[in-house]
Amino acid sequence: MAMVQPRSIGARRLGAHLALIGFVSLIVFPLLLVISISFREGNFASGSLIPERFSLEHWSLALGIPWERPDGSIVQPPFPVLLWLWNSIKVAVVSSVLILMLATTSAYAFARMRFKGKEPLLKGMLIFQMFPAVLSLVALYALFDRLGEFVGWLGINTHGALIVASLGAVALHIWTIKGYFESIDGSLEEAAMVDGASTWQAFRYILLPLSIPILMVVFILAFVMSIMEYPMASVLLVDEHKLTLAVGAQQYLADHNQRWGNFAAAAVLSGLPITVAFLICQRWIIGGLTAGGVKG
Amino acid sequence: MYTTNASRGLPRHRSRHLSERYTRWALRCVIGVLVIALLWLVMAFHLNGQWMFALLFLVLGGSLAVVFTKRTLMSHRYIFPAVAGLGVFVIFPLLYTIGISFSNYSSSNLLSEERVRGQLLSQTYQAEGKAFDLTLYQEGELVRLYLQSDGENDHENKVQRFVSSPLNLANQETRQIGIQSVDAPPAQEPLGMRAIIQARDSLQGLRLLTPEGTELRMAGLRQFAPMVNRYETRDDGSLYDRREDRVLIPDQTTGFFVADSGEQITPGWPVNVGFTNYTKIFTDPDIRGPFMQIFVWTFVFAALTVVFTLAVGFVLASLLQWDQLKGKAIYRTLLILPYAVPAFISILIFKGMFNQHFGEVNMILDTLFGIRPEWFTDPWLARSMLLIVNTWLGYPYMLLLCMGLIQAIPQDLYEASAVDGGGPLTNLFKITLPLIIKPLTPLLIAAFAFNFNNFVLIALLTGGNPDILGASTPAGTTDLLVSYTYRIAFQDAGQNFGLAAAIATLIFLLVAGMSLLNLRLSKVKV
């Protein structure tokens with residue numbers, strides 16, 4: 001608590017609150033607007049934040065249920081949003097699990113073992129992690145195009161290709177987990193090894209159970225990053241029923257045919273779970289993000 | 001810090017439990033199967049003539065085998081999968097991109113030379129000569145073809161008539177079939193047009209051989225005609241063009257078959273063109289102009305984004321650190337909301353909000369000031385829109401960074417300043433900024449590099465539009481270098497992978513420079 005207080009403290013406090021409230025409302029406005037638009041009738045409706053003509057049309061379409069207008073015409077859902085969401089979640093879960101497994105084992109070696117080439121490998125990872133995948137898209141496309149000729153599930157337009165390609169992003173997570181492992185005292189494992197445990201057993205039965213929190217964080221981080229991955233998915237996936245949400249959602253706002261209302265419902269439906277998950281886990285996620293790099 | 005027994009050269013830990021030995025053997029089997037699968041891929045790529053991919057998988061399989069059999073490499077087993085992933089999906093594509101940048105790989109030079117040759121050799125044309133009208137006759141389950149030479153060309157020669165043996169037209173394979181001369185058409189009712197249309201696919205696969213040795217192919221719906229292969233390989237590797245009566249010589253500097261007249265026959269194949277793509281970027285005025293413009297804008301965009309997000313984030317962080325303020329937790333959660341919403345959704349929300357005709361931004365501006373700016377068609381407005389949206393997206397990250405760093409500053413420094421009569425501005429410039437700038441710099445460089453390559457924002461919000469006039473490649477006034485490369489490679493007709501790869505290589509160099517600088521500044525301890 002500060003000992004020396006300026007005199008005009010009350011006025012300043014009020015000013016700070018007003019400024020913050022003003023700024024927050026500016027920031028939150030687009031988000032509230034989208035929620036409001038998703039309940040408005042028609043695709044181009046304007047109006048106040050609280051919809052005057054309330055309609056569940058967009059929500060019904062986003063959930064894949066055909067909607068019957070009052071005049072009797074039936075509107076079919078324009079895009080399979082739920083399928084896209086499912087694709088996104090499927091790809092994200094599988095790739096996060098794989099990333100977690102790879103990152104954990106390597107982080108263990110980097111944190112606890114001494115071996116040739118450790119320092120250049122770690123530094124190299126830090127450098128290569130900054131190269132965006134967009135730049136080598138041509139090469140990645142060629143790689144999966146050729147691979148697909150021999151291994152069907154790794155070709156273009158498969159989720160397998162997308163999952164496998166995401167393994168390149170493992171470097172950031174290795175650094176995060178390595179930092180956590182180094183903060184745990186190694187004497188427990190050494191004791192286990194003196195008692196006859198193998199290196200693998202010491203890792204599996206001593207260190208891993210102690211590291212559940214950081215593993216959760218890395219899983220969530222990898223999950224969020226995979227859900228938001230756009231460039232690779234836009235090149236590797238072709239068919240409408242294969243798309244992930246990140247690639248599919250933009251079709252609502254195609255230049256010639258903007259479905260603003262339908263988009264709003266789909267955006268809230270798919271964005272809300274991710275947003276809520278992020279906010280619940282924010283304490284851990286933010287620690288990991290600010291330690292390692294930038295949101296992707 | 002310790003080393004494993006194995007890499008110290010100590011005897012291996014022998015497991016007493018049977019189950020452990022089984023797992024060990026199971027692991028060995030999995031590794032063996034993986035190595036064999038990789039070697040199979042190597043062979044497949046090698047036989048296909050794709051040596052770069054063959055080499056990649058050879059290195060992968062070889063290192064897998066070595067790491068998991070040599071006991072001194074025990075520690076490397078733990079890092080192998082991750083390093084392999086990094087190698088195959090980050091480093092290999094990077095090297096491959098650099099390789100492509102020295103070639104003319106593009107939509108017109110896509111296939112390998114052999115496949116181009118094959119494609120040309122399969123081209124046919126209708127030779128001078130007769131065409132034959134086709135009629136089908138049912139013969140039990142099978143169908144007989146009857147051909148009669150065209151009446152119009154028939155003033156001098158006598159009418160030629162051929163008939164085939166009964167065929168199964170469900171078979172759609174390409175096959176050669178002999179036909180016999182006959183004097184009159186079969187004495188039964190012919191099948192109608194519908195039957196021919198139904199059997200079209202299999203009729204197209206038929207090569208009918210007349211007794212004189214001419215090959216007839218389907219030339220129209222009811223016609224068969226002698227079709228000849230247009231090209232013929234000659235011993236020196238060149239192609240002879242029967243139709244135009246000329247010789248095509250494979251030109252390994254341009255990757256096309258070239259006629260004497262200089263005409264290039266598409267498709268071509270990729271060849272090494274040296275530094276052509278790089279010199280094009282810097283000398284061809286139609287590419288250099290847009291490239292330099294985009295290059296400058298990329299730097300300005302990344303720098304301004306960092307400045308704006310840092311300014312907003314820092315001010316908010318200072319406010320939120322003020323211990324007289326109540327309700328900090330709520331403010332904080334609301335303020336990091338833009339960070340929690342998936343970027344691809346919020347960018348699209350802004351795309352709708354900034355819409356010229358029904359977007360909310362223009363509605364508000366219209367009611368307040370009576371203006372409706374054209375956010376997507378005016379270059380400067382489009383750029384400001386990008387900066388506004390990116391500041392909205394990016395400030396929470398800076399806010400979180402600054403909050404963490406400001407919290408670490410000892411409170412008594414501010415106390416001392418207050419005792420000496422220092423105001424908020426003195427505190428800011430003499431205490432807070434000097435103390436946070438050093439740990440912040442590497443993170444700012446990382447943020448700069450990230451926004452330098454902020455592909456998603458551009459792709460989803462403006463797509464690079466409005467276009468730069470007079471550019472020979474797809475280039476827009478709001479394009480960043482990354483989205484520019486993406487558009488050259490994947491958009492529009494002339495997918496020029498070589499040029500895109502050359503620009504990508506230049507960006508690689510820039511990013512590598514930034515990350516080396518970053519590594520030095522942050523003094524990473526390994």
Side-chain angles (χ1 to χ4, degrees), chain A residues 3-4 9 13 16 20 24 27-28 30 33-34 44 46 102-103 105-106 108-109 113-115 119 122-123 126-128 130-132 134-136 138-140 146 150 165 167-168 170-171 174 190 198-199 227-228 230-231 235 246 249-250 253 260 267 271 274-275 278-279 286 290 293-295, chain B residues 1 3-4 13 41 44 50 53 75-76 78-79 81-82 85-86 89-90 93-94 96-97 100 319 324-325 331 334 337-338 340-345 348-349 351-353 358 360 363 400-401 404 415 418-419 446-447 449-450 453 455-456 460 482 486 489 497 500-501 504 507 511 515 519 526:
Chain A
M3 305 298 279
V4 187
I9 192 90
R13 206 183 291 162
L20 275 173
V24 163
I27 290 302
V28 179
L33 183 72
V34 164
F44 302 99
S46 55
L102 297 192
T105 45
S106 353
Y108 175 63
M113 295 174 186
R114 210 175 295 147
F115 53 87
E119 192 167 324
L122 273 172
K123 281 201 173 161
L126 214 54
I127 291 177
F128 282 116
M130 282 176 76
F131 290 95
V134 205
L135 290 176
S136 22
V138 175
L140 281 170
R146 310 281 151 79
F150 309 118
L167 296 185
V170 81
I174 292 181
E190 288 199 9
S198 67
T199 320
I227 291 265
M228 301 203 209
Y230 173 81
V235 169
Q250 60 166 332
L253 299 182
W260 195 199
I274 302 170
T275 310
F278 191 98
L279 286 179
I286 285 157
T290 47
V294 191
K295 184 168 99 160
Chain B
M1 187 73 78
T3 40
T4 55
H13 158 77
L41 266 182
Q50 285 149 351
F53 293 101
S75 310
H76 292 82
Y78 288 86
I79 58 166
L86 206 66
F89 299 112
V90 179
L94 209 139
Y96 192 76
T97 307
I100 293 175
L319 264 179
Q324 298 286 324
L325 204 69
Y331 283 131
L334 287 174
L337 256 185
V341 180
F344 67 90
I345 287 181
L348 288 173
I349 292 177
K351 186 176 178 182
M353 278 180 56
F358 57 84
E360 313 287 330
M363 273 178 205
L400 293 167
L401 285 183
E415 285 298 312
V419 170
F450 173 78
N453 295 313
F455 172 74
V456 181
L460 290 183
V482 255
Y486 180 88
F497 298 125
I507 308 177
V511 173
S515 49
L519 208 61
V526 178

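Below, chains carry the letters A, B, ... as their sequence lines are ordered, and counting in each starts from 1.
The heavy-atom pair separating A:Y230 from A:Q250 by the smallest distance is OH-NE2, 2.9 Å. When all heavy atoms are compared, the tightest approach of B:A489 to B:F497 is O-CE2, 3.1 Å.
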B:M353 vs A:W260, test: side chain to side chain contact (heavy atoms under 4.5 Å, CB included). Steps then yes/no.
CA-CA 9 Å; B:M353 278 180 56; A:W260 195 199; 4.3 Å; yes

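Each of B:L325, B:L94, B:I349, B:L319 has some count of heavy-atom pairs under 4.5 Å with chain A, and the biggest count is that of B:I349. Interface check for chain B: of the options A:V34, A:V170, A:L253, the most heavy-atom pairs under 4.5 Å are formed by A:L253. Ranked by heavy-atom pairs under 4.5 Å with chain A, the list B:L348, B:L334, B:I507 is led by B:L348. Of all the listed residues (B:A82, B:A504, B:A501), the one sharing the greatest number of non-hydrogen pairs under 4.5 Å with chain A is B:A82. Looking only at heavy-atom pairs under 4.5 Å with chain B, the residue among A:L20, A:I227, A:I174 that has the most is A:L20.
In this structure, the ring-ring contact (aromatic ring centres under 6.0 Å, His included) partners of B:F53, at least two apart in sequence or on a different chain, are B:F45, B:F92, B:Y96. With sequence neighbours excluded, the residues satisfying ring-ring contact (aromatic ring centres under 6.0 Å, His included) with B:F89 are A:F144.
A:V134 touches chain B through its side chain: at least one heavy atom from C-beta onward sits under 4.5 Å away, while N, CA, C and O do not.
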